[in-house]
Amino acid sequence: PELAEASAIALTVATPAVTEVINYPRARFAPRPIEILSPISLTTYAAVVEELRPALPGPSRASGEWKRHREFGLDGAPDSYIVDIDYTACYELVEHPLLLQEVLLRSFDDLTVDSLRALLAGLGRADRGLPQMLSESDVLADAYMSIVDRRLARHGRVIHRFADDIRTVADSLEYADETIELAAQFSRELGLLL
């Protein structure tokens, strides 16, 4: 009860999130900055995202999805190409204003989106970034990445996405290159890097 009460109070202040950043080592890559949320911030974050979850896309990291992702396109024509697209530091680069706009368009829940806005103000740096290694951030990142999914679909691309990995099939190198260019363009508009 005390944690729930403290979380409710936290939402009444301008920036309710309290975090600490640690660098998580990774093989072959630079360390990944991981934001550790205080118990109150974590509880608040979980409650806000849970309230929005029904309006957001289903989880791309669901059980069995990695296997489906890796098998996507393998049954295509023998002369087709598989295009794999991966993002650099996706969670760190999620732009809060664009994320909030997408969540609002999906949920029409301005009060909960305002609570998310207040919470995100204390996370990340300069209006961007989601805490990593949290299922709540996976939900929000999927909503953000769904913008790229829709834009690619409007250009006739059939894709499968797992977190920040996108796979599609092309029947020529030109079509593959065009797909990569489209993904790069749409991603740049969201502040993301391939």
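Start at 1 with the first residue, then count along the sequence.
In this structure, His69 NE2 and Ser60 OG are separated by 9.5 Å, a value rounded to the nearest 0.5 Å. Rounding to the nearest 0.5 Å gives a distance of 4.5 Å between CD1 of Ile159 and CD1 of Ile166. If you take CG on Asp110 and CZ on Arg117, they are separated by 9.0 Å, rounding to the nearest 0.5 Å. A distance of 10.5 Å separates CG of Leu99 from CG of Leu190, quoted to the nearest 0.5 Å. Here Asp138 contributes atom CG and Leu56 contributes atom CG; the two are 12.5 Å apart, rounded to the nearest 0.5 Å. Here CG of Leu134 is found 9.5 Å from OH of Tyr91. Values are rounded to the nearest 0.5 Å.
For the residue pair Ser41 / Ser38, a side-chain donor-acceptor distance below 3.5 Å is found, with atom types taken as modelled. A donor and an acceptor atom, one from each side chain of Asp171 and Ser80, are nowhere located under 3.5 Å apart. Ser172 and Tyr81 are not linked by any side-chain donor-acceptor pair at a separation below 3.5 angstrom, with hydrogens and angles left out of the test. Using a 3.5 Å distance cut-off with no hydrogens or angles, the side chains of Arg157 and Thr168 do not pair a donor with an acceptor.
For the pair Glu189 and Arg151, the salt-bridge criterion is met [side-chain N within less than 4.0 Å of a carboxylate O]. Ion pairing between a basic and an acidic side chain is recognised when a charged N comes within 4.0 Å of a carboxylate O; Arg68 and Glu71 show no such pairing. Salt bridge absent: Arg61 and Asp142 never bring a charged side-chain N and a carboxylate O closer than 4.0 Å.
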- Message: With ring pair (Phe, Tyr, Trp, His ring centres under 6.0 Å) as the criterion, how do Tyr144 and His96 come out once you've worked through the C-alpha distance, each side chain's angles and the decisive distance to 0.1 Å?
- Response: CA-CA 10 Å; Tyr144 197 71; His96 297 168; 9.4 Å; no
- Task: Take Asp165 and Ile85 through the side chain to side chain contact (heavy atoms under 4.5 Å, CB included) test and state the conclusion after the steps.
- Result: CA-CA 6 Å; Asp165 297 319; Ile85 299 169; over 6 Å; no
- Message: Assess the residue pair Thr112 and Ser107 against the criterion (side chain to side chain contact (heavy atoms under 4.5 Å, CB included)); give the C-alpha distance rounded to whole Å, side-chain angles, the decisive distance to 0.1 Å, and a yes or no.
- Response: CA-CA 9 Å; Thr112 306; Ser107 69; over 6 Å; no
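Shortest non-hydrogen contact noted between Tyr45 and Leu130 is OH-CD2, 3.9 Å. When all heavy atoms are compared, the tightest approach of Thr43 to Pro39 is OG1-O, 2.8 Å. Of all heavy-atom pairs spanning Val83 and Ala176, the tightest one is CG2-CB, 3.6 Å. The two residues Val48 and Ser115 make their nearest non-hydrogen contact at CG2-CB, 4.0 Å. Of all the heavy atoms in Cys90 and Asp164, the pair that sits closest is CB-OD2, 3.4 Å. Taking every heavy atom of both residues into account, Ser187 and Tyr87 meet most closely at OG-OH, 2.7 Å.
Counting only heavy atoms from C-beta outward, the side chains of Asp149 and Ile147 never approach each other to under 4.5 Å. Contact check for Leu140 versus Val94: no side-chain heavy atoms found under the 4.5 Å cut-off. Contact of the Phe186 side chain with the His155 side chain is registered, since non-hydrogen atoms from C-beta on lie closer than 4.5 Å. Residues Thr88 and Leu194 fail the side-chain proximity criterion, which asks for heavy atoms closer than 4.5 Å.
Judged by distance alone, the side chain of Arg167 and the main-chain N or O of Arg70 form a donor-acceptor pair under 3.5 Å. Between the side chain of Ser137 and the backbone N or O of Pro131, at least one donor-acceptor pair lies under 3.5 Å.
Residue pairs meeting the salt bridge (Lys or Arg N to Asp or Glu O under 4.0 Å) criterion with at least one member in residues 86-104, sequence neighbours excluded, are Glu95-Arg128, Glu102-Arg106, Glu102-Arg150.
Hydrophobic clustering, with ILVMFWY side chains joined whenever heavy atoms are under 4.5 angstrom apart, keeps Val169 apart from Leu152. Linking ILVMFWY side-chain heavy atoms closer than 4.5 Å, directly or via other members, places Leu193 and Leu98 in a single hydrophobic cluster. With hydrophobic clusters built from ILVMFWY side chains whose heavy atoms lie under 4.5 angstrom apart, Phe162 does not share a cluster with Met145. When hydrophobic clusters are built by joining Ile, Leu, Val, Met, Phe, Trp and Tyr residues whose side-chain heavy atoms come closer than 4.5 Å, directly or via intermediates, Phe72 is not grouped with Tyr175.
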